[in-house]
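We use all heavy atoms of the structure for the numbers below, so side chains are in, but hydrogens, waters and symmetry mates are not. Computed from a prediction, not measured in an experiment: that's the story for all the values here. Sequence lines set the chain letters: A, B, ... in the order given, protein chains first and strands last, and positions in each chain run from 1.
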There are 2 protein chains.
Amino acid sequence: MSETEQLPAWCPGDGWCSITATTALVGKKWHPVIIHRLLANGPLGFNDLQEEVDGISSKVLSESLDDLEEKRVVSRTIVSEKPVRVEYSLTDLGASLEPVIFALADWGEQHLEPVEEEAASVV
Amino acid sequence: MSETEQLPAWCPGDGWCSITATTALVGKKWHPVIIHRLLANGPLGFNDLQEEVDGISSKVLSESLDDLEEKRVVSRTIVSEKPVRVEYSLTDLGASLEPVIFALADWGEQHLEPVEEEAASVV
DNA sequence: CGGTATCCTCATTGATACTG
DNA sequence: CAGTATCAATGAGGATACCG
């Protein structure tokens with residue numbers, strides 16, 4: 001119980017797990033995509049973001065953003081223009097997720113991407 | 001609607017998204033951890049795996065493994081020894097997830113890990 | 001050892017509508 | 001534009017027990 005030092009670096013504690021910890025933050029269904037879009041397309045307004053994500057409802061987007069904000073991954077900025085806009089962007093913590101998001105996207109590209117032909121039958 | 005080629009490589013189609021595709025495969029709560037353990041500790045039997053994962057019930061582990069098997073990420077091998085054992089291991093596809101899993105673990109390490117001191121106050 | 005079978009609860013989503 | 005309110009539906013996850 002006291003020899004955590006013999007364990008590999010990627011799995012430190014007895015109970016604690018870096019994977020579990022990470023997925024607890026960004027493991028929700030839409031979180032990776034949202035972060036991805038913010039990473040790629042810079043700060044976005046609510047509706048712009050919703051269009052980027054494709055398929056998400058305003059309710060779920062709102063909840064997701066609340067969650068990500070609470071976890072200090074996303075920051076919400078009210079831009080006092082006219083009319084007032086809101087801008088969602090990544091915090092430094094959020095931006096630091098780039099390798100993770102990139103790994104997800106990359107793997108999907110390389111291993112799943114395919115089937116533009118099949119898509120034709122679906123329309 | 002026809003100019004998908006102007007989009008960056010990591011976000012190809014109009015509807016299709018590599019992130020969404022990837023998380024559809026490994027986005028379930030326990031999947032990354034399970035893959036991580038198989039990645040790290042080689043083939044494992046059911047109960048061994050359950051102990052590695054820590055906190056998962058046999059039911060959920062079973063369901064997760066079924067799912068991962070169906071998705072060709074994990075393979076189940078019956079070892080005809082005596083008594084019969086079962087070995088779970090990663091397929092080539094599963095093994096190819098290493099960068100993703102590693103990214104998750106790595107990020108957790110670097111950004112979440114700490115707070116052994118704070119833990120004392122929670123107990 | 002390697003699982004299933006139940007049952008139950010909570011979290012997440014989806015659809016829709018409405019608001020300032 | 002940027003959300004919130006409601007409500008229904010799904011389903012993932014947990015506890016426990018049991019089986020070959």
Side-chain angles (χ1 to χ4, degrees), chain A residues 15 17 19-35 37-38 41-71 73-89, chain B residues 15 17 19-38 41-71 73-90:
Chain A
C17 171
I19 309 261
T20 304
T22 304
T23 55
L25 250 86
V26 294
K28 300 307 170 79
K29 182 171 183 182
W30 297 102
H31 287 193
V33 191
I34 292 170
I35 296 168
R37 298 306 188 265
L38 291 175
N41 303 358
L44 288 169
F46 187 88
N47 288 307
D48 290 337
L49 188 51
Q50 186 175 1
E51 274 164 38
E52 291 277 351
V53 172
D54 181 66
I56 198 170
S57 70
S58 62
K59 183 199 137 200
V60 173
L61 177 57
S62 181
E63 287 171 354
S64 303
L65 287 170
D66 282 354
D67 189 40
L68 287 169
E69 215 181 325
E70 193 181 319
K71 285 162 176 167
V73 170
V74 161
S75 73
R76 184 175 176 275
T77 308
I78 299 176
V79 181
S80 304
E81 291 178 351
K82 227 195 66 111
V84 175
R85 273 187 316 113
V86 176
E87 267 189 3
Y88 289 96
S89 55
Chain B
C17 171
I19 309 259
T20 303
T22 304
T23 55
L25 252 86
V26 295
K28 300 306 170 76
K29 182 170 182 180
W30 296 102
H31 287 193
V33 191
I34 292 170
I35 296 168
H36 183 226
R37 298 307 187 264
L38 291 176
N41 303 357
L44 287 169
F46 188 88
N47 288 305
D48 290 338
L49 187 51
Q50 187 176 0
E51 275 163 37
E52 290 277 352
V53 172
D54 182 65
I56 198 169
S57 70
S58 61
K59 183 203 139 196
V60 174
L61 177 57
S62 180
E63 286 171 354
S64 303
L65 287 170
D66 282 354
D67 189 41
L68 288 169
E69 214 182 324
E70 194 181 319
K71 286 163 176 165
V73 171
V74 160
S75 73
R76 184 174 176 276
T77 308
I78 299 176
V79 181
S80 304
E81 291 178 351
K82 227 196 65 112
V84 175
R85 274 186 317 112
V86 176
E87 267 189 5
Y88 288 96
S89 55
L90 295 174

Please give me every residue in residues 22-34 of chain A whose heavy atoms get under 4.0 Å of an atom in DNA chain C, ordered by residue number. A/Lys28, A/Lys29, A/Trp30
The criterion is salt bridge (Lys or Arg N to Asp or Glu O under 4.0 Å); which residues satisfy it with B/Glu87, sequence neighbours excluded? B/Arg85
Compare every heavy atom of B/Tyr88 with every heavy atom of B/Leu49, then report the nearest pair and how far apart it is.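 That would be CD2-CB, 4.5 Å.
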Looking only at heavy atoms, which two atoms of B/Ser64 and B/Trp30 are closest? And how far apart?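 Result for this residue pair: OG-CB, 4.3 Å.
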Please list, chain by chain and in numerical order, all residues satisfying side chain to side chain donor-acceptor pair (under 3.5 Å) with B/Gln50, sequence neighbours excluded. none
Calculate, to the nearest 0.5 Å, the distance between atoms CG and CD belonging to A/Leu44 and A/Glu52 respectively.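 It comes to 5.5 Å.
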To the nearest 0.5 Å, what is the distance between OG1 on A/Thr20 and NE2 on B/His36? 9.5 Å
5'-most contact on DNA chain C: B/Glu51 or B/Ser62, nearest heavy atom basis?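 Nearest nucleotide further toward 5': that of B/Glu51.
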Taking only N and O in the side chain of A/Arg76, is any of them less than 4.0 Å away from OP1 or OP2 of D/dA2? no
Any side-chain N or O of A/Tyr88 under 4.0 Å from OP1/OP2 of D/dG3?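 Yes.
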Main-chain N/O of A/Ser58 paired with A/Ser62 side-chain donor or acceptor, under 3.5 Å: no
Does A/Lys71 use its side chain to pair, donor to acceptor, with the backbone of A/Ala24 at less than 3.5 Å? yes
Length of the [atom1]-[atom2] vector between [X] and [N], whole Å:
{"X": "B/Glu63", "N": "C/dG2", "atom1": "CD", "atom2": "P", "result": "18 Å"}
{"X": "A/Leu49", "N": "D/dG3", "atom1": "CG", "atom2": "P", "result": "10 Å"}
{"X": "B/Glu87", "N": "C/dG3", "atom1": "CD", "atom2": "C1'", "result": "17 Å"}
{"X": "B/Leu44", "N": "C/dC1", "atom1": "CG", "atom2": "P", "result": "13 Å"}
{"X": "A/Leu61", "N": "D/dT4", "atom1": "CG", "atom2": "P", "result": "10 Å"}
{"X": "B/Ile56", "N": "D/dA15", "atom1": "CD1", "atom2": "C1'", "result": "14 Å"}
{"X": "B/Glu52", "N": "C/dC1", "atom1": "CD", "atom2": "P", "result": "14 Å"}
{"X": "B/Leu65", "N": "C/dG3", "atom1": "CG", "atom2": "C1'", "result": "11 Å"}

Go through the steps for B/Val86 and B/Thr77 under the test side chain to side chain contact (heavy atoms under 4.5 Å, CB included), then give the verdict. CA-CA 6 Å; B/Val86 176; B/Thr77 308; over 6 Å; no
Find every protein N or O atom lying less than 3.5 Å from an N or O atom of nucleotides 17-20 of chain C, and list the pairs.
none

Taking side-chain contact (heavy atoms from CB on, under 4.5 Å) as the criterion, tell me which of B/Ile34, B/Asp66, B/Asn47 meets it with B/Leu61.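 So the option named by the test is B/Ile34.
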To the side chain of A/Asn47, which of D/dA2, C/dG3, D/dG3 is closest? D/dA2
Each nucleotide N or O in nucleotides 6-10 of chain D that has a protein N or O under 3.5 Å away: list the pair and distance.
none

Under a 4.5 Å cut-off applied to non-hydrogen side-chain atoms, are [X] and [Y] in contact?
{"X": "B/Arg76", "Y": "B/Leu65", "result": "no"}
{"X": "B/Ile56", "Y": "B/Lys29", "result": "no"}
{"X": "B/Asp67", "Y": "B/His31", "result": "yes"}

Degree of bending, the helix from C/dC1-D/dG20 to C/dG20-D/dC1 (end axes from five pairs; round to 10°):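 Computed angle between terminal axes is 50°.
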